[in-house]
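Everything on this sheet refers to the single structure shown next.
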Amino acid sequence: MALRVRDLTLGYDRHPAVHHLDLELAEGSLTAIVGPNGAGKSTFLKGVMGELPPLEGKIERGAARVAYLPQLSEVDRSFPLSVKAFVAMGLWHRTGAFGGLSRADLSRVGEALAAVGLTGFERRPISALSGGQVQRVMFARLLLQDADLILLDEPFTALDAKTAADLLAVVQRWHGEGRTVLAVLHDIEAVRRHFPETLLLAREKVAHGATDTVLTAENLFRARQMSEAFDDDANVCARPAEQPAKRGAA
Amino acid sequence: MSWLIDPFADFAFMQRALLGCLAISLGATPVGVFLLLRQMSLTGDAMAHAILPGAAVGYLVAGLNLGAMTIGGVAAGLVVAVLTGAVARFTALREDASLAAFYLISLALGVLLVSLKGSNVDLMHVLFGTVLALDDAALTLLCAIATVTLVALALVYRPLVLECADPRFLRSVSRWSGPVHFLFLGLVVLNLVAGFQALGTLMAVGIMILPAAAARFWATSIGGMLAVAACVAAISSVAGLLASYHAGLPSGPAIILAAGTLYLLSLVFGPSGSLAARFWPRAHLEA
């Protein structure tokens, strides 16, 4: 099991963004997370990465190494780094804080750049890249991370068709290598074509399973009914916890 | 050339001042480069205010005693750095607001303590630096701090660069983010304390930030910026000390103004991102 989530509630200021979610991802699965804006998709990935402590419930990561591409990355693109130096960060698990890059590591960097179509960009400063090239660089770094579980938050948003297709090929390569991939996506047609499994999320789990059984008109309609508003006077959630977990701030 | 060599050849106090300033140039400027790259340039200024009361309290307790003032300055600076970092990491307040809050508290506390003991001319001397009267202990301290800084930066170079360029990625692959941030703030405090021995607490920030800001217009890599910044600081030290010697100017401000002059020249004429590049562009390339 690459990821097991039990009765997970994540949120901000006691308001749940992900509510009582149960989920199991098999090793090697390729899953899309689909849902309206505000459905808790990014929050869920943050929770899996440990950036946001659960208000309730449990997250068990079976994967040894997890790689994460956030939607709003905090990369300082004016920072004076070359593409090569930036992508080589993905080798952290080999170099650690102090180790040097071996000849083999440098050729890995070259291969990763080739895989995303950026051969010859090694010495280019990251400040000189276009939006699509930045996303290619991010994927090259993900490739080097050699992770068992890969979390992608809207990886193809704002990309042209060619770039999106190239990067989708990288995702399919990971799938072929038996890695577990979980990607937040908005393009329902692309999900139907390329992602075998789907989690439809609208704060709560609407459906999870084979994509064509999940993305039915009825399920999508239910997901759209989700209310986005915070209710400041909402009652404390009374749903019984599966196990006697601590009750967050409630 | 004698005006260039003689002051340093003839007078021991000028040699000591030069050695002290070169030590600061080596230690403080890389810290300044990383402050600049982290968009924390004003942090140095705030930190200088935060350590000032600590140094003043050390002075009031033990008189003109290097050890007491150093310990006081480092202690005040580290307390503010740790509180600032902790509040920024565990609450909704951003680092800049958190730092502003704590350094203002620290400064007010310092001013209160100083005024209780009455004003003191020597104290002003301390706060504005004594580069022409560095004794052996002060020189040893300056060189030790420069050494510790360079070794520490060399060791944590990779996590520090990552923490500046993509902190979220660093958090996703290691636990270094917090430690490297606090270690870096510790180096900022140490180098400001080193700087105030020679240049005074307020001028110390200048030798940290001005060379780094000048270097941004010359170099497009981190290594290049570090090298240019150290050279700018060293040249400013020599030029400032000479101006101070020949024209009878106070040495601290003379050194910082020399650095400021180099900054302004870089701002106008530097090859990368300067005013010249903006307003007198060279012909564009084909691809």
Side-chain angles (χ1 to χ4, degrees), chain A residues 12-13 42 45-46 48-53 61 64-101 120 123-128 134 137-138 141-142 144-147 149-151 153, chain B residues 33-41 89-92 94-95 151-181 183-184 212-213 215-229 270 272-273 285 287:
Chain A
Y12 308 92
D13 287 337
S42 300
L45 296 191
K46 272 190 222 169
V48 174
M49 286 310 292
E51 286 188 7
L52 191 67
R61 301 192 329 193
R65 205 178 295 142
V66 184
Y68 173 42
L69 177 64
Q71 178 186 8
L72 299 170
S73 88
E74 289 174 11
V75 177
D76 174 4
R77 279 175 61 185
S78 68
F79 201 84
L81 273 183
S82 67
V83 165
K84 185 171 99 179
F86 187 87
V87 170
M89 291 176 190
L91 292 168
W92 180 280
H93 62 280
R94 302 180 61 84
T95 63
F98 309 118
L101 291 171
R123 294 165 60 83
R124 189 87 60 99
I126 54 169
S127 56
V134 166
V137 164
M138 302 303 273
R141 187 171 71 177
L142 285 170
L144 290 178
Q145 284 188 262
D146 191 24
L149 172 61
I150 300 165
L151 309 175
D153 199 347
Chain B
V33 167
F34 280 105
L35 277 176
L36 183 96
L37 289 176
R38 301 195 65 181
Q39 297 161 21
M40 286 168 59
S41 301
R89 266 156 204 268
F90 298 121
T91 74
R94 295 273 189 134
E95 181 121 17
V151 170
L153 284 179
L155 280 176
V156 301
Y157 184 80
R158 181 176 293 140
L160 182 59
V161 166
L162 251 179
E163 171 72 10
C164 301
D166 192 353
R168 208 165 170 187
F169 176 77
L170 181 63
R171 288 197 296 274
S172 81
V173 295
S174 83
R175 296 176 188 280
W176 266 96
S177 176
V180 79
H181 181 69
L183 183 79
F184 178 67
R216 192 70 161 114
F217 296 111
W218 295 97
T220 52
S221 70
I222 305 171
M225 280 183 72
L226 292 172
V228 172
S272 157
L285 305 173

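So that the names make sense, note that chain A is the first sequence line, chain B the second, and so on, each numbered from 1.
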**Request:** Specify which of B/V180, B/L170, B/V156, B/L37 makes the most heavy-atom pairs with chain A at under 4.5 Å.
**Result:**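 Option with the top pair count is B/L37.
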**Asked** For chain A, which of B/A165, B/S172, B/P167 has the most heavy-atom pairs under 4.5 Å?
**Response**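 The residue among B/A165, B/S172, B/P167 with the greatest pair count is B/A165.
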**Request:** Verify the neighbour count for atom CZ of B/R89: are there more than 12 heavy atoms of other residues, nucleotides or ligands below 6.0 Å?
**Result:**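 Atom CZ in B/R89 is packed in, count exceeds 12.
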**Message:** Would the distance check show the side chain of B/R158 and the main-chain N or O of A/G99 forming a donor-acceptor pair, the cut-off being under 3.5 Å?
**Reply:**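 Present.
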**Message:** Using side-chain heavy atoms (C-beta onward) and a distance below 4.5 Å, is A/D76 in contact with B/Q39?
**Reply:**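 A side-chain contact under 4.5 Å exists here.
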Using heavy-atom distances under 4.5 Å, tell me whether [X] contacts chain B through its side chain, its backbone, both, or neither.
{"X": "A/M49", "value": "side chain"}
{"X": "A/R141", "value": "side chain"}
{"X": "A/T95", "value": "both"}

What part of [X] gets within 4.5 angstrom of chain A, counting heavy atoms only: side chain, backbone, both, or neither?
{"X": "B/R216", "result": "side chain"}
{"X": "B/T220", "result": "backbone"}
{"X": "B/L160", "result": "neither"}
{"X": "B/V161", "result": "both"}

Rounded to the nearest 0.5 Å, what separates atom [atom1] in [X] from atom [atom2] in [Y]?
{"X": "B/R168", "Y": "A/Y68", "atom1": "CZ", "atom2": "OH", "answer": "4.0 Å"}
{"X": "B/D166", "Y": "A/M138", "atom1": "CG", "atom2": "CE", "answer": "5.5 Å"}
{"X": "A/Q145", "Y": "B/F169", "atom1": "CD", "atom2": "CZ", "answer": "4.0 Å"}
{"X": "A/F79", "Y": "B/I222", "atom1": "CZ", "atom2": "CD1", "answer": "4.0 Å"}

